[in-house]
Amino acid sequence: MKTLTYGEAIREALFEEMASDDRVLVFGEDVAGYGGLDGVTQGLQKKFGTERVFDTPISESGFAGMAVGAALMGMRPVAEMQFSGLLTVPLDQIVNSAAKARYVHDGAMSCPLVIRSVTYPAGNAYMGQSLEAWVAHVPGLKVVTPSTPIDAKGLLLTSIRDPDPVVFFEHKSLYSNEGLVPEETYSIPIGEASLARTGSDVTIVAWLNMVPAALDAAKELALEGIDLEVIDLRTLIPLDEEAITRSVSKTGRLVIAQEAVTRAGFGAEVIAVVANSDVVHHLKAPVERVGNPGVPIPHSDRLNNHIIPSKDDLIAGVRAVLSS
Amino acid sequence: MKTLTYGEAIREALFEEMASDDRVLVFGEDVAGYGGLDGVTQGLQKKFGTERVFDTPISESGFAGMAVGAALMGMRPVAEMQFSGLLTVPLDQIVNSAAKARYVHDGAMSCPLVIRSVTYPAGNAYMGQSLEAWVAHVPGLKVVTPSTPIDAKGLLLTSIRDPDPVVFFEHKSLYSNEGLVPEETYSIPIGEASLARTGSDVTIVAWLNMVPAALDAAKELALEGIDLEVIDLRTLIPLDEEAITRSVSKTGRLVIAQEAVTRAGFGAEVIAVVANSDVVHHLKAPVERVGNPGVPIPHSDRLNNHIIPSKDDLIAGVRAVLSS
Amino acid sequence: MTQLMPKDLREMYRLMLMSRIYTDRALQLFDEGRLPTGLHPSAGQEAIGVGACYGLRREDWVIPSLRTTECFWTRGVTMQQMMDAMYGNKDSVNRGKESFHHSGYPSLGILAGTAIVAAHIPVAVGAAKAMQLKGTDNVMLCFFGDGAAARGDFHEGLNLAAVHKAPVVFICENNLHFQTAPASVEMAITDIADRAAGYGFPGVIVDGQDVLAVHETTQEAIKRARQGKGPTLIEAKTYRFRRHYPILAETRPVEEIAEWSKRDPVTILGDYLLANGHMNVSEKQELETSIIIELDSVVARAEAKQAADKSAANSTVYAEGAS
Amino acid sequence: MTQLMPKDLREMYRLMLMSRIYTDRALQLFDEGRLPTGLHPSAGQEAIGVGACYGLRREDWVIPSLRTTECFWTRGVTMQQMMDAMYGNKDSVNRGKESFHHSGYPSLGILAGTAIVAAHIPVAVGAAKAMQLKGTDNVMLCFFGDGAAARGDFHEGLNLAAVHKAPVVFICENNLHFQTAPASVEMAITDIADRAAGYGFPGVIVDGQDVLAVHETTQEAIKRARQGKGPTLIEAKTYRFRRHYPILAETRPVEEIAEWSKRDPVTILGDYLLANGHMNVSEKQELETSIIIELDSVVARAEAKQAADKSAANSTVYAEGAS
Ligand SMILES: Cc1ncc(C[n+]2csc(CCOP(=O)(O)OP(=O)(O)O)c2C)c(N)n1
Ligand SMILES: Cc1ncc(C[n+]2csc(CCOP(=O)(O)OP(=O)(O)O)c2C)c(N)n1
Ligand SMILES: [Mg+2]
Ligand SMILES: [Mg+2]
């Protein structure tokens, strides 16, 4: 094993897959010459050339559409949206051109592409949006949301090799987090949650940046003897329903941790999965959702930390499910 | 009272509001010269002139943006998206330019516009999508989903007068449904569900086209002595949470009826509201979701009736919650 | 550019005539309540798809607009395949999952657009880019209407094609209307070809009723593309001879319709063949009769077949079953 | 067009100089870790916003790009207001909810764009349409960068403006780069003004370093717009003198930077004023000193004020409380 940051792990996945499969292309704004606003794609163009790694104009719909066309012709494009809030712009190409391609060809064509979408709830009301619930609603798409370096690399490799279009969310505030990653080649299957922490009192279901927040909350609450189980969904679609129901049937208490707006967010889907199973009868308390309370992300960091859920909000959520 | 179809009720609302408020504009593809693909806007241009009622190019993002600009300058634009699946295209303007306008101006500006979005799950995988869950996820937007002529008219009037942007879903297969509508002027508040049928055994929460389907199911099941309560949400945002929890606390059994894809659809939010309240302990059975099972809408009507939930699917859902 | 021989001209005529006869039969079947799908009839615009696609290599690709049925015929789709697609039959191209005009035939080099007007333009550019990356000199022909030229994806697609010198030929079928509205609603210019200058490649206007002119103009653009010189925008001035879609009323001025009817592309080529001795009257009659006879049996077979069923509806959302 | 008097020229100079001094101070405060927001420095491009906005009516509107700080100054926003906005102070324009460069000042006729590049272009057209519908002859100036011209919303917006003959002037600040990449990545043409012909209105190129040229060109476009003749696209050739954003590294060739530095718009106007006797050296020096002194106290006051708090964060999502 070696130590890599989350950002380095993603870069390594891109390097490895570009080296082993010359159908892989990487493009997006600032990814080639500059190497990505956060350096994630640094060195790729130098190594793999200007044909396979290129910068695009500010044409998110256009280059997402190009990714679709290239994928239909057998390439494996990896296109970057430099802020998740930008998904509002190329969405038609992702949701219509890409997601439905296999279906409308009755399986005779496939559209293997990856949209890397960089999530970061700050800066402004637009770019700072977390929109994973939208793409999770669309049949034909897979949705991947890693929280650790090992998962980020392993899942990106799987995503690029996947025969279907994948929206891969990366979290900017995880980029510098370190973790152990195998030296040898490996990959992680799409569709399996991981048990980030085993516990008996309360289940927290989290993804992306909320996983470390949940682990922090767990550490703090452990001092009081409260034992949290933390499920890192890792992929939202396909959803590992069993991991969720198994845990909740054990703990009987569920807290959702999401950075996105609570209303109609993906946490509601997790809750619906529980409510749709017999596990609903095991619930000892109403479910809690910790998330953005329904406010656009303010520009100022002094304000947006009131909107983005924190470890303390999670602790409050845990206390709420324990108090009833 | 007089008898109007749902389509006529919408037209009447547009006529009345354009007559009483000259800031109201109506535009979109085919709405002016032709009067709308389904005739809903017929006669408007003739009565109110080419300046206030006009056809647009195939520029959904562009004319949604124009609606925002006009609204910020004090007009009351009502723009039509002729298929709900088209929301993939102008979404950035609706979700970013319109929804956040009030917030980012700290209340100093408002963006009073209505996006009429015509829902119809048929034709093809793209236009046939039901995307209300997406806009319901966005703070700053209101989401309206009437199922009857009286609600369609009353809620459209309220939507046009609302100081905030409203996405108003109309259902093409409701256009010819008839119902009683008051002769005199009236309006219906946004944010209140209606009890479409009172019952004691099972609660069905529905909106748009699924309300008549639920009522049909109720009629059929009444013959067996099963007594359904049907809640017509009418508006998704703001959501009448109390109407939902009140009913479920009474019946203890909940079935969601939605045409949209089940996964990460708005039904999950309804379930989350229940699971987040004490009512979760009143549930006698796991909740059922009846909806699109996660398949793009096929072109052929012979196929798509297998995908779109029907009265029979609802009856099966009701039986499921009664059997456990 | 390979010179067209009389047999090519006759073949082009056959394709155009077949398209016209087929389209009008489909409209009739629809009116009779037999055909379970509507269509955007190409009648009046047959010269464009045939002229542009005729003589392409098997390895080239095309992506039709909602109306360019001729792309399908010219690339080798049979009337039976098309009719089965329209009926959503069990053995049809995608078993009713997609309308015939947005159906892809990968083995014939036909990509499918979505129903979102103009969204296929960047897709075509990406496909052309892939052809370029593979080191071939194959090309992509991308068809769309005047209506599509008002969409952002038109702009982004054409601009990206220019930046990448992608081997793509854009063919705009300007039939002066989009759905129920006239072109004056969608633009303040007359010639969409003028937009090409804003991307840095040639924009050419061609008489869309003249199949030979369309062919020649497209061939030049294809040559450019094969040589790595990048895209061309061809604007074919044309007119549709039927309503936009069978259930929508006619909205165009009768005089305009009458004026354009005088320039029927099928008649124009037919007359040319007759005048130049490439075909005689009885051959022409025979051709028409044989198409009609074939079509009769195509319809009969299509109607006799089983429609796709529920199992089709639920399949192929993902590669390995649904999730 | 009203003739510019020496006092106008001096005022334009003051605005440009103030903008430069303010911007560089803000960058310095950011580097020192004092300013809680980044910025897209306008240094090098001051002539565009000042030249275009100078002399507008109160009832006219402007909508700046991410970089056109000069729109704010010229419309009457004070350094104190701007600095308070940057600090997200309690008494600032929107209490930190939006970055200063996307902040609207309705009472000063400044609309705000979103952070989505080019999305404000159709919004500007809709606002202009509203001004037209109200029967006024007021105009809208809409600013954007070269990068924005690659987006679909640019195309749809300009086309809609043409169709509606909307009273809007589009001003493209072509600084030859967008974020970290050169213009060659975003287009295969040199002049974005060439795109106007594809919409049916004039496209004009102007030297973006020459405030008088910008002013004159804009005035002509404004006159056209007021007369109901529709939009104009003005492309101002310019260059930014700083990095795109403080945390991003420089990516442009040093020679290019050096070459363009010779054409500093503030220096050009200053020299013109001196050469023509509209200002003398000591007046120039006094002006600079007075700006610096004012700015010192502006910063001190901004830093002494209370920042907006949680109650601000949670308010005004909807008109009447959240839902
Ligand atoms: C983005 C989008 N908006 C609206 C529609 C509905 N629609 C279908 S065909 C059509 C008109 C297309 O006009 P044009 O591109 O000129 O092609 P034509 O029908 O004239 O051949 C419209 C508006 C659509 N399919 N996609
Ligand atoms: C649609 C969209 N894509 C990407 C970004 C990220 N971004 C912010 S500024 C910028 C470059 C803008 O370039 P240009 O329009 O030329 O203006 P300039 O910065 O050169 O003044 C980009 C890509 C964005 N804000 N919006
Ligand atoms: Mg047309
Ligand atoms: Mg620029």
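Bear in mind that the values here come from a model prediction, so they are computed numbers and not experimental data. Chain letters run A, B, ... following the sequence lines, proteins first and then strands; every chain starts at 1.
More than 12 non-hydrogen atoms from other residues, nucleotides or ligands lie less than 6.0 angstrom from NZ of C/K134.
Rounding to the nearest 0.5 angstrom, the gap separating the CG atom in C/L160 from the CE atom in D/M187 is 13.5 Å.
Residues of residues 147-159 of chain C that come within less than 4.5 angstrom of chain D, heavy atom to heavy atom, are C/A149, C/A150, C/R151, C/G152, C/F154, C/H155, C/E156, C/N159 in numerical order.
For C/A162, the parts lying under 4.5 angstrom from a heavy atom of chain D are both the backbone and the side chain. There is no contact between D/T190 and chain C, counting heavy-atom distances below 4.5 Å.
For the pair D/V185 and C/V163, the tightest heavy-atom approach, listed with the atom from each and the gap, is O-CG1, 3.4 Å.
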